[in-house]
Amino acid sequence: MGLFTKDIQSMDDLFVHTLRDIYYAENQIAKSLPDMIDKATDTKLRQGFEKHLAETKGHIQRIEKVFKMHGVEAGGVDCPAIDGILEEAEEVSGEVEDKAVLDAALVSAAQAVEHYEICRYGTLIAWAETLGHDEVVRFLTTNLNEEKAANTKLNSVAVRKGVNRKAA
Ligand code: ZN
Ligand code: FE
Ligand code: FE
């Protein structure tokens, strides 16, 4: 289903389409994180990825509840954007030999993922508010806050906890 096909007629259709997009993205992220955990050397970085994998599974479950609240079947639509971000992460990390530099590359890839999610949740929440779906807003805001916290944590691991310094 493309964004500009006639499958999307109302604001509500657009909301559901975007919910399916983030649902697909979260599932792809859950599949990619174990690989990032394997590649990470820095203990804090690895622990951060492990924690975020558990959170990501929670995000998927929360979105499934949102589908239910909204009276539509849970399901994803292909999201070429997240596929591209994850593909690029894999490509770049495959090119890095040095473990410390690889950690810096993993942080950068993970922050691109978090920003994508933050952007999607921000939009979904704004639309759900306008559509008057208060419970949906609460559920999606929980996910958004965990994405923001994950991004902040990645930033601190890189900048304050020494991942970038070791890489340099
Ligand atoms: Zn609705
Ligand atoms: Fe997420
Ligand atoms: Fe995330």
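One-based numbering along the sequence shown. Whatever order the structure lists them in is the order used to number ligands and atoms, beginning at 1.
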TODO: Indicate if the distance from the Fe ion (ligand 3) to the nearest N, O or S atom of H52 falls below 2.8 Å.
DONE: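 Under 2.8 Å: H52 contacts the Fe ion (ligand 3) through an N, O or S atom.
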
Open item on the list: Would you say the Fe ion (ligand 3) has E147 as a near neighbour, meaning an N/O/S atom of that residue under 2.8 Å away?
Closed with: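 So E147 does bind the Fe ion (ligand 3) by this criterion.
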
Task: Atom name of the N, O or S atom in E117 that lies nearest to the Fe ion (ligand 3) - done: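 Going through the N, O and S atoms of E117 one by one, OE1 ends up nearest to the Fe ion (ligand 3).
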
Task: Atom of E114 closest to the Fe ion (ligand 3), considering N, O or S atoms - done: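 Restricting E114 to its N, O and S atoms, the minimum distance to the Fe ion (ligand 3) goes to OE1.
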
Open item on the list: Less than 4.0 angstrom from a charged side-chain N to a carboxylate O is my criterion; do K166 and D103 meet it?
Closed with: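 Judged by the 4.0 Å cut-off on N to carboxylate O distance, K166 and D103 do not form a salt bridge.
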
- [ ] Could I get the full list of ring-ring contact (aromatic ring centres under 6.0 Å, His included) partners for F67, not counting sequence neighbours?
- [x]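 Result, ring-ring contact (aromatic ring centres under 6.0 Å, His included) vs F67: Y23.
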
Open item on the list: Determine whether a donor-acceptor pair (N or O, by modelled atom type, separation under 3.5 Å) exists between the side chain of H70 and the backbone of V66.
Closed with: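 Such a contact is absent between H70 side chain and V66 backbone.
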
Task: Rounded distance (nearest 0.5 Å) linking atom CH2 of W127 with atom CG of L14 - done: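 Output value for this atom pair is 3.5 Å.
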
